[in-house]
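Heads up: the structure comes next, in structure tokens.
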2 protein chains.
Amino acid sequence: MTLDEAWRILQEKQFKRTKNRDTILQFFSENDRYLTALEVKNFMEEDNPGISFDTIYRNLSTFSDLGILEETDLNGDRHFRMQCDPGVHHHHFICTACGKTRSISHCPMEMITVNLPDYEVEGHKFEIYGKCPLCVAK
Amino acid sequence: MTLDEAWRILQEKQFKRTKNRDTILQFFSENDRYLTALEVKNFMEEDNPGISFDTIYRNLSTFSDLGILEETDLNGDRHFRMQCDPGVHHHHFICTACGKTRSISHCPMEMITVNLPDYEVEGHKFEIYGKCPLCVAK
DNA sequence: CGAGTGAATCGTAATGATTCCTGTTTCAGG
DNA sequence: CCTGAAACAGGAATCATTACGATTCACTCG
């Protein structure tokens with residue numbers, strides 16, 4: 001997702017355009033991988049030393065709710081990345097060394113829900129972990 | 001997995017037979033679902049009020065390492081359940097209401113790794129969330 | 001069977017991520 | 001430019017999890 005698309009969504013929902021939101025989105029648009037709140041904070045402190053975790057988490061949650069960011073739990077910590085393909089269902093390979101991701105378009109759900117009659121499926125999680133070609137080379 | 005199988009593994013690896021480990025395994029063998037450390041602690045306090053979290057987590061981690069328990073992160077918290085089919089790769093449907101699980105034998109990995117040449121796959125996570133037939137009925 | 005040894009445990013303190021609270025600042029609209 | 005609502009800063013609180021020194025326990029061997 002581009003910065004413009006993100007801001008279009010935010011303004012449509014009446015969210016204000018603030019410096020902090022700009023900086024956060026900027027950071028995500030430059031980093032094509034899952035990031036933690038701490039990484040975001042470290043980046044933001046460069047030009048806003050007093051930034052608070054409250055601000056970070058509030059905005060990350062907002063962005064996640066609006067579908068601007070994708071969110072996942074890795075080792076019990078929340079991680080966020082720019083929504084890579086809005087509206088298109090997909091999964092990720094996640095590099096455990098550098099954090100970079102690769103989209104996986106195949107989703108196993110259709111094949112499986114057939115075998116779950118009477119079950120009410122609400123969601124699912126499918127992620128593949130390993131080393132990307134670049135990190136394998138090292 | 002049965003209690004006997006679990007103890008066979010533990011004794012093979014020279015782990016001592018303690019009251020706490022007995023109680024923990026007992027609890028898991030009676031509850032066919034993912035449990036938190038807190039749930040385990042609450043159960044154990046009935047006959048051991050002074051039980052410490054250190055003991056709980058240490059043993060849960062040990063059991064998980066030995067393949068006696070299966071472990072997963074749900075909403076950022078560690079959850080454990082008795083290994084249901086040792087040695088046989090499978091996934092789970094997890095009921096978000098009662099926590100009960102149902103094994104899913106189908107695994108989408110073969111189909112996908114083909115499309116990840118040069119990637120080094122270390123692991124994957126596939127879980128389905130929703131309501132089981134019993135909880136749907138309510 | 002009873003002492004010795006290292007594993008296991010207890011009790012509590014520390015940690016790290018996340019959330020909450022309160023007063024202050026900033027944004028957008030009139 | 002003024003104003004109310006949204007957003008923010010700073011710090012305290014919470015929750016799960018881990019760490020640690022002191023103590024107890026399970027098993028071994030004499």
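Throughout, a chain's letter reflects where its sequence line sits, starting with A, and its residues are numbered from 1.
Atom CG in B/Asn42 sits about 14 Å away from atom P in D/dC15, given to the nearest Å. Regarding A/Asp73, its CG atom lies at a distance of 15 Å from the C1' atom of D/dT17, rounded to whole Å. B/Gln11 has its CD atom 7 Å from the P atom of D/dC27, to the nearest Å. Atom-to-atom, CD of A/Glu45 to C1' of D/dC8 comes out at 15 Å; the value is rounded to the nearest Å. Rounded to whole angstrom, the span from the CD atom of B/Gln14 across to the C1' atom of C/dA8 amounts to 15 Å. One can place NZ of A/Lys41 at 14 Å from C1' of D/dC8, the figure rounded to the nearest angstrom. The CG atom of A/Leu10 sits 13 Å away from the C1' atom of D/dA6 (whole-angstrom rounding). Summarising the geometry, the separation between CD1 on A/Ile56 and C1' on C/dC20 is reported as 16 Å, rounded to the nearest angstrom.
Remark: aromatic rings of B/Phe93 and A/Tyr119 are close, center separation under 6.0 Å.
Taking all atoms of both residues into account, the shortest heavy-atom contact from B/Lys41 to B/Ile51 is CE-O, 3.4 Å.
Residue B/Ile51 is classed as a sugar-phosphate contact, given heavy-atom separations below 4.0 Å to backbone atoms only. Using a 4.0 Å heavy-atom distance criterion, A/Arg58 is classed as a base contact. Looking at heavy-atom distances under 4.0 Å, B/Ser52 makes contact with a base.
Side-chain atoms of B/Asn48 lie closest to C/dC10 of the nucleotides D/dA7, C/dC10, C/dT9. Which of C/dA17, D/dT18, D/dA5 sits closest to the side chain of A/Tyr57 comes down to C/dA17. In the set C/dA8, C/dT9, C/dT18, C/dT9 carries the atom at the smallest distance from any side-chain atom of B/Asn20. Of the candidates C/dG11, D/dT17, C/dT19, D/dT17 carries the atom nearest the B/Arg78 side chain, counting heavy atoms from C-beta on.
Considering only side-chain N and O atoms, B/Asn59 lies under 4.0 angstrom from the phosphate OP1 or OP2 of C/dT9. In terms of phosphate contacts, A/Thr36 brings no side-chain nitrogen or oxygen within less than 4.0 Å of OP1 or OP2 of C/dA17. Between D/dC8 and A/Thr18, a contact under 4.0 Å exists linking OP1 or OP2 to a side-chain N or O. Between C/dA28 and A/Arg17, no contact under 4.0 Å exists linking OP1 or OP2 to a side-chain N or O.
Along DNA chain D, the nucleotide closest to B/Gly76 and the one closest to B/Lys19 are compared, and the more 5′ of them pairs with B/Gly76. If you find the closest nucleotide of DNA chain D to B/Lys16 and to B/Phe53, the one lying nearer the 5' end belongs to B/Phe53.
Between the side chains of B/Thr101 and B/Arg81, at least one donor-acceptor pair of N or O atoms lies under 3.5 Å. For the residue pair B/Glu70/B/Ser64, the side-chain donor-acceptor check at 3.5 Å is not satisfied.
The aromatic rings of A/Phe126 and B/His124 stand perpendicular to each other, their planes meeting at an angle above 60°, with 30° marking the opposite boundary.
The base of C/dC10 is paired with the side chain of B/Asp54 by a donor and an acceptor separated by under 3.5 Å.
Atom CD of A/Gln14 has 12 or fewer heavy atoms from other residues, nucleotides or ligands within 6.0 Å.
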